[in-house]
Amino acid sequence: MLDAARNKARVKACYIMIALTIMACFAVIASDKRAVERHESFTSWNLAKKAKWREEAATRAEEKAK
C-alpha cells in the first residue's frame, strides 16, 4: 500500500514537472518574441558586453600607468 502511494506521488510529481517545463517553454518563446521586436539578439548583447569589458580594462590599464 505504501509503495502504491509512493508511485502515485512520483507520477504526480512528474506531471507537475512536465507542466512547469511546458510553461517555461512558452515563457521563453514569449520573451524571445519581445526581444525580436526590440531588435535584440544574444549576439548583439554579447558584443556590447565584451565592448564594455574592453573599455573597463582600458580604463584600469590607464589608471595603473599613472
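Along the sequence shown, residues are numbered consecutively beginning with 1.
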Please examine the side chains of Lys52 and Glu56, heavy atoms only from C-beta on, and report whether any two atoms are closer than 4.5 Å.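 Side-chain contact under 4.5 Å: yes.
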Please list, one pair per line, the donor and acceptor atoms closer than 3.5 Å that link side chains of residues 31-39 to other protein atoms, with sequence neighbours excluded.
unit_1, atom_1, unit_2, atom_2, d
Ser31, OG, Ala27, O, 3.4
Ser31, OG, Val28, O, 3.0
Arg38, NE, Glu40, OE1, 3.4
Arg38, NE, Glu40, OE2, 3.4
Arg38, NH2, Glu40, OE1, 3.1

According to a hydrophobic-cluster definition based on side-chain heavy atoms being under 4.5 Å apart (Ile, Leu, Val, Met, Phe, Trp, Tyr only), do Ile18 and Met23 belong together?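 Cluster IDs for Ile18 and Met23 differ.
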Give, for atom CH2 of Trp45 and atom NZ of Lys50, the distance between the pair rounded to the nearest 0.5 Å.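 Rounded to the nearest 0.5 Å, the CH2-NZ separation comes to 11.0 Å.
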